[in-house]
4 protein chains.
Amino acid sequence: MRTVDPAKHEARRRQILAAATRCFARKGFGQTRTADICAEAGMSSGNLFHYFESKHAIFAAIVEQDGIETDALFAELSTMDPWAALTAFFDLLVDLADDEYAKLALEISAEANRDERIAELVTANDRTLRAGLAALVERATAAGRIEPGVDADTAATWLTVLVDGLFNRVAVDPSFAPKRERETLRQVVARVLQAN
Amino acid sequence: MRTVDPAKHEARRRQILAAATRCFARKGFGQTRTADICAEAGMSSGNLFHYFESKHAIFAAIVEQDGIETDALFAELSTMDPWAALTAFFDLLVDLADDEYAKLALEISAEANRDERIAELVTANDRTLRAGLAALVERATAAGRIEPGVDADTAATWLTVLVDGLFNRVAVDPSFAPKRERETLRQVVARVLQAN
Amino acid sequence: MRTVDPAKHEARRRQILAAATRCFARKGFGQTRTADICAEAGMSSGNLFHYFESKHAIFAAIVEQDGIETDALFAELSTMDPWAALTAFFDLLVDLADDEYAKLALEISAEANRDERIAELVTANDRTLRAGLAALVERATAAGRIEPGVDADTAATWLTVLVDGLFNRVAVDPSFAPKRERETLRQVVARVLQAN
Amino acid sequence: MRTVDPAKHEARRRQILAAATRCFARKGFGQTRTADICAEAGMSSGNLFHYFESKHAIFAAIVEQDGIETDALFAELSTMDPWAALTAFFDLLVDLADDEYAKLALEISAEANRDERIAELVTANDRTLRAGLAALVERATAAGRIEPGVDADTAATWLTVLVDGLFNRVAVDPSFAPKRERETLRQVVARVLQAN
DNA sequence: CATGAATGAGACTTCATTCAT
DNA sequence: CATGAATGAAGTCTCATTCAT
């Protein structure tokens, strides 16, 4: 009576998404062929299109997944002390900012230029991120831990400039090792927000 | 006779480069068709390839040109008071950071992932930029205008994080108006470098 | 499940090769469009390149096939009486030397001038042919059926001059009917080898 | 009053023809670009088309020139003792049969397959050659020097098989050195014609 | 005469997607 | 579900030829 299929189906989708993520990070959206994804996922092309209706849909699903994870992250951070949460956020960033993730982030930004649907998802993700950061900034300001000197939204925006810039740097400059820069990043954030 | 006229030849190349820059900024490298560039430059495809041997070569020439302009900029800035130069640099950035330039910058970073030759040019440009900023930071520190608290190279690297992040923001977030943020950026830079 | 069917794959390749052979014989390598081959094979261009990676590869496969057939032929001839085998060889040549085959042979020789890979295959085929003929000449000499007066390799080489020349004649001179010349060819061969 | 132009014009044409001959021999008709011929002739493309109306016309002129030289050769040979003339003819062949000439001959034959105008010229040249050889064979037979055993036209045809085959061999087999084979060729001819 | 910029048709090949098995 | 053969539109680039200077 119970069909096991839905679970298997979902597993297959995740498998494809994981494979595609690696491919897109390595070669970008345009340069990745569906055949590459098939090979990476160990699957025929006919089967791939059984699970996703197009290459764009795969990319969109990855961006969507990214948004879901951002949501989850801020749900968690919102329960913490605001300054500790901000520190934890940038710490996590350093941990995430390996070559693959950074290059993928770059690809996502670039692809948003060309594909309206991707642009919408990216904008939504971006709003989530800024809203989450703004909330933390507001609470930290109220708690007297920081004195950004500008409204919370503006401060959050400038924090995202650091986020974007960090990923860009990792993607572009192979000599830049984010983990070695962890302390400096903390200091930069502290200075920008005038933390006490 | 001797009707070669290298000036005309150079003018044509610049015309193509300008047209291609617009196209690449609008649609990215991969989505830009050589036919698009031809149309934008008002030129047949055969003639386009008379001046550049491939689409990649056109893109590479644009990146190269960008490096040349960066060189020229820092040559000029190096004659100025270091703090004034830093302020002028970020001011110029704000002026440059329109949609087209920002999107092109994104495309260049993304393309560097896929094309070794582009990656080399981008790395070279990046080195120029960081070296230029490091020199300014060093002189400003010596003059007592700033107290970065880290060595000049590290400080310069974090300034490039701001640069990259700024362009990314412009490209990704249509509600972000760099000219309105000019003052905030000055403040962020001042804080990061602990300017007096 | 396991629906791969290598036999069908091989059949398709042969179908393409047969179609391409007709095209190349008719118009030469350079003048044959891949679209011509597709049309002749009743197949889309996309599918054609599913079986061969380039037009050159198709041509190379034809030349390779020719070598395999030469091998098989001499494997058979080597079991026969040497003089009977030589006679049979030139008889077979006359049967093969129709317009299509002769023109294809010409195209293959010409293409070997331009494509290193083709040149290697042609050289290999040529060596097979000369070695096969030399073996027959040697055995026929030992059996006292012929007195070439030169060593077997030289004699074999001059027999290939006749082979090449015959094909060339068919290709170039529409009034030359090889089947009508069968007897003369036998006589020429007999005289060149001084058959008893 | 006297215009020097016609001579100069003719010299230019010869210069182009010589350059084109080298190019066609090296790369074949299809693979030779007009730009190659221009470079080899030290001339702009505009100028090239001032002297020949098309690439085909250049090739045709080369083939035509070949025919003129064949005519001249047989005009000379016809004044000699017929057997001496036949010997001289094949001797000359050996001298001519270097790589360039042989490959060009191959290209001419191949191109005749595709271009009706070339085919006509080749056929005409071929007729000249066979007629010239047939006349020599006839005279040599009448003089009792040879006993071909077939009519003069047939004998001439088989001599052209040797001619074509020889060129083919030179073009295809780099180890075949025609000058080393001079004596063997004489013997082959003598045997085919049953010379006394 | 000479130059080389300009044209544009068309070639080969790629690749996302569909479909028969 | 799974396979991989099949499709065909579209892209980059080539090259013989023309033309303005």
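Protein chains get the first letters and strands the later ones, always in sequence-line order, with residue 1 at the start of each. These values consider heavy atoms only, across backbone and side chains, with no hydrogens, waters or symmetry-generated copies.
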For [X] and [N], give me the distance from atom [atom1] to atom [atom2], rounded to whole Å.
X: C:Ile16; N: E:dT13; atom1: CD1; atom2: P; answer: 13 Å
X: B:Glu10; N: E:dA5; atom1: CD; atom2: C1'; answer: 15 Å
X: B:His9; N: E:dG4; atom1: NE2; atom2: P; answer: 10 Å
X: B:Arg13; N: E:dA6; atom1: CZ; atom2: P; answer: 13 Å
X: D:Ile37; N: F:dT17; atom1: CD1; atom2: P; answer: 10 Å
X: B:Met43; N: F:dC13; atom1: CE; atom2: P; answer: 16 Å
X: A:Lys8; N: F:dC1; atom1: NZ; atom2: P; answer: 8 Å
X: C:Gln31; N: F:dA16; atom1: CD; atom2: P; answer: 11 Å

Does a salt bridge link D:Asp36 with D:Arg33, judged by any charged N lying under 4.0 Å from a carboxylate O?
yes
Could you tell me whether D:Arg117 and D:Glu120 have a side-chain N and a carboxylate O separated by less than 4.0 Å?
no
Between [options], spot the one nearest the side chain of [X], thanks.
X: D:Ser44; options: E:dT17, F:dG4, E:dT3; value: E:dT3
X: A:Asn47; options: E:dA6, E:dC12, F:dA2; value: F:dA2
X: C:Ser54; options: F:dT18, E:dG8, E:dT13; value: E:dT13
X: C:His50; options: F:dC1, F:dC13, F:dG4; value: F:dG4
X: B:Arg33; options: F:dG11, F:dG4, F:dC13; value: F:dG11
X: B:Tyr51; options: E:dC1, E:dA5, E:dC12; value: E:dA5

For F:dC1, give the paired nucleotide (Watson-Crick: N1-N3 plus N6-O4 or O6-N4; G-U: N1-O2 and O6-N3; both under 3.5 Å), or none.
none
Once you apply a heavy-atom cut-off of 4.0 Å, does A:Phe52 come out as touching a base, just sugar-phosphate, or nothing?
nothing
Distance from B:Glu111 atom CD to B:His56 atom NE2, nearest 0.5 Å?
5.0 Å
Of A:Thr32 and D:Gly46, whose closest DNA chain E nucleotide lies nearer the 5' terminus?
D:Gly46
Which residue, B:Leu48 or C:Lys55, contacts DNA chain E at a nucleotide closer to its 5' end, judged by nearest heavy atom?
B:Leu48
Yes or no on side-chain contact (heavy atoms from CB on, under 4.5 Å) for C:Phe29 and C:Asp115, after CA distance, side-chain angles and deciding distance?
CA-CA 11 Å; C:Phe29 179 77; C:Asp115 186 322; over 6 Å; no
Residue whose closest nucleotide on DNA chain F lies nearer the 5' end, A:Ser45 versus B:Phe29:
A:Ser45
Whether A:Thr34 contacts E:dC15 is assessed here as follows: a side-chain N or O lying under 4.0 Å from the phosphate OP1 or OP2. Is that the case?
no
Here's a test for you: under side chain to side chain contact (heavy atoms under 4.5 Å, CB included), which of B:Thr21, B:Ile58, B:Asn47 qualifies with B:Ile16?
B:Ile58
